[in-house]
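Contents: one structure, followed by commentary.
Computed from a prediction, not measured in an experiment: that's the story for all the values here.
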Amino acid sequence: MDVKCNEDWMGALPVCLSTMPLANLAIPGSHDSFSYWVDEKSPVGPDQATSIKRLAKISLVKKLMKKWSVTQNLTFKEQLESGIRYFDLRVSSKPDEAEIEIYFIHGLYGIKVWDGLTEINTFLTNHSTEVVLLDFNHFYAMEHEHHLYLVNMLQEVFGSKLCIADCVENITLQYLWEKKYQVLVFYHYNIWNECPFLWAGNKMPAPWANTTNVHKLIQFLETTLGERAKRGTFHVSQAILTPQVKTIMRGLKSGLKNTLVHRNLPVILSWVKMQKPGAMGVNIITSDFVELVDFAETVIGLNYLLLKNKKENS
């Protein structure tokens with residue numbers, strides 16, 4: 001499927017939407033955003049159980065792991081061009097490496113975090129109205145010094161684009177454009193309170209259904225939206241299915257995309273189409289393999305329902 005270009009969709013929103021809190025807009029995101037490339041040749045990551053690490057000494061096991069670790073096909077640049085603005089980031093050091101370096105991880109190690117961040121920064125430099133939300137929510141094999149290294153890296157890469165943490169309701173596109181901020185970093189480790197541009201992880205709740213059943217997923221998304229805090233946080237609707245051990249064993253060679261995602265994406269997309277953004281509506285919606293359906297396009301389009309509401313209330 002051709003990926004539709006939505007590289008400047010935030011800048012193209014009507015003025016009345018650019019003055020609404022970002023937490024009230026519909027924003028497309030990707031799940032395990034960096035997993036478009038994982039390294040079969042590297043050791044299995046510290047996010048995996050010891051039994052998997054033992055099995056992975058057999059080269060075929062890593063090939064099969066890759067089929068279940070990859071949840072995206074598009075690079076960061078391609079995701080950004082398609083309209084994705086929220087990135088779900090899990091990172092790790094390599095315990096056996098002498099030098100401090102941090103990688104993205106999902107079962108297997110991905111690209112260096114530095115490379116991913118610089119790719120995002122290049123896009124933002126060329127698209128000054130666009131804003132990204134980076135959610136660092138899982139850390140593995142990381143001591144305090146690794147966190148300091150990562151925070152310094154964020155500062156070095158993004159510099160003045162980093163948005164200082166503030167009251168969530170104050171953050172509108174108009175505000176961000178005036179300040180020339182383009183990056184909000186959410187950090188789920190207690191170093192966030194030592195650094196003004198790190199937002200506390202609890203400002204980005206992302207309830208997880210942990211199910212293979214698409215109908216249970218939809219029910220969960222509805223329930224957690226109903227429980228969404230009225231103020232003070234963003235909200236992630238994880239429109240994703242999670243394989244259990246038996247799912248993987250049944251579809252071992254097929255992988256995540258062919259076993260779970262392909263057949264259920266149309267149902268998930270139908271749910272997305274029925275949503276409305278707003279204070280108690282959807283905010284960020286994430287998906288696996290964002291290019292397989294018109295995911296980003298559909299989520300972005302929900303924002304125009306807010307215009308309809310404004311007309312009806314005026």
How long is the straight-line distance from [atom2] of [Y] back to [atom1] of [X], given to the nearest 0.5 Å?
X	Y	atom1	atom2	answer
Asn213	Leu241	CG	CG	8.0 Å
Leu265	Ser270	CG	OG	10.5 Å
Leu22	Ile27	CG	CD1	4.0 Å
Asn303	Ser18	CG	OG	11.5 Å
Glu222	Ser237	CD	OG	9.0 Å
Met20	Leu173	CE	CG	11.5 Å

Could you tell me how the ring of [X] sits relative to the ring of [Y]: parallel (under 30°), tilted (30 to 60°) or perpendicular (over 60°)?
X	Y	value
Trp199	Phe186	tilted
His31	His106	perpendicular
Tyr189	His147	parallel

Does a side-chain heavy-atom distance below 4.5 Å link [X] with [Y]?
X	Y	answer
Val290	Asn73	no
Leu89	Leu134	yes
Tyr86	Ser30	no
Leu25	Leu13	yes
Ser42	Lys94	yes
Leu184	Val132	no
His235	Val282	no
Pro205	Val236	no

Any side-chain to backbone donor/acceptor pair from [X] onto [Y]? Under 3.5 Å, distance only.
X	Y	result
Asp115	Ile111	no
Glu7	His127	no
Ser35	Thr71	yes
Gln79	Ser33	yes
Gln182	Leu124	yes
Trp177	Thr129	yes
Asp294	Glu297	no
Thr233	Lys203	no

Item to check | Stepwise side chain to side chain contact (heavy atoms under 4.5 Å, CB included) test for His188 and Asp135 | outcome: CA-CA 8 Å; His188 298 245; Asp135 189 4; 2.7 Å; yes
Next on the checklist: Out of the candidates Arg90, Gln72, His138, only one should pair with Asp32 under the side-chain hydrogen bond (donor to acceptor under 3.5 Å, both in side chains) rule; please name it.
Outcome noted: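 Result: among Arg90, Gln72, His138, Arg90 is the only option passing the side-chain hydrogen bond (donor to acceptor under 3.5 Å, both in side chains) with Asp32.
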Item to check | Phe123 six-ring face occupied by Lys77 cation (under 6.0 Å, within 45°) | outcome: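 So Lys77 doesn't make the cation-pi contact.
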Checklist entry - Step by step, would you call Leu176 with Cys163 a side chain to side chain contact (heavy atoms under 4.5 Å, CB included)? => result CA-CA 8 Å; Leu176 295 167; Cys163 176; 3.7 Å; yes
Between [X] and [Y], a side-chain donor and acceptor under 3.5 Å:
X	Y	answer
Ser160	Lys179	no
Asn170	Tyr175	no
Asn24	Asn283	no

Checklist entry - How about Tyr187 and Phe139: are their ring centroids closer than 6.0 Å? => result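 Aromatic pair counts; centres sit under 6.0 Å.
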Item to check | Hphob cluster co-occupancy, Phe34 + Leu150, side-chain heavy atoms under 4.5 angstrom | outcome: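 Yes; Leu150 is reachable from Phe34 via cluster members.
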Item to check | Test: Glu40 and Lys66 ion pair at under 4.0 Å | outcome: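 A salt bridge is present here (some side-chain N lies under 4.0 Å from a carboxylate O).
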Checklist entry - Does Arg85 come within less than 4.0 Å of Glu130, counting only side-chain N to carboxylate O? => result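 Judged by the 4.0 Å cut-off on N to carboxylate O distance, Arg85 and Glu130 do form a salt bridge.
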Checklist entry - Quick one: which of Phe76, Trp37, Phe136 gives a ring-ring contact (aromatic ring centres under 6.0 Å, His included) with Phe104? => result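 The option that passes is Phe76.
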Checklist entry - After noting the C-alpha distance and the side-chain angles of Ser93 and Ile100, does the key distance pass the side chain to side chain contact (heavy atoms under 4.5 Å, CB included) rule? => result CA-CA 7 Å; Ser93 73; Ile100 288 188; over 6 Å; no
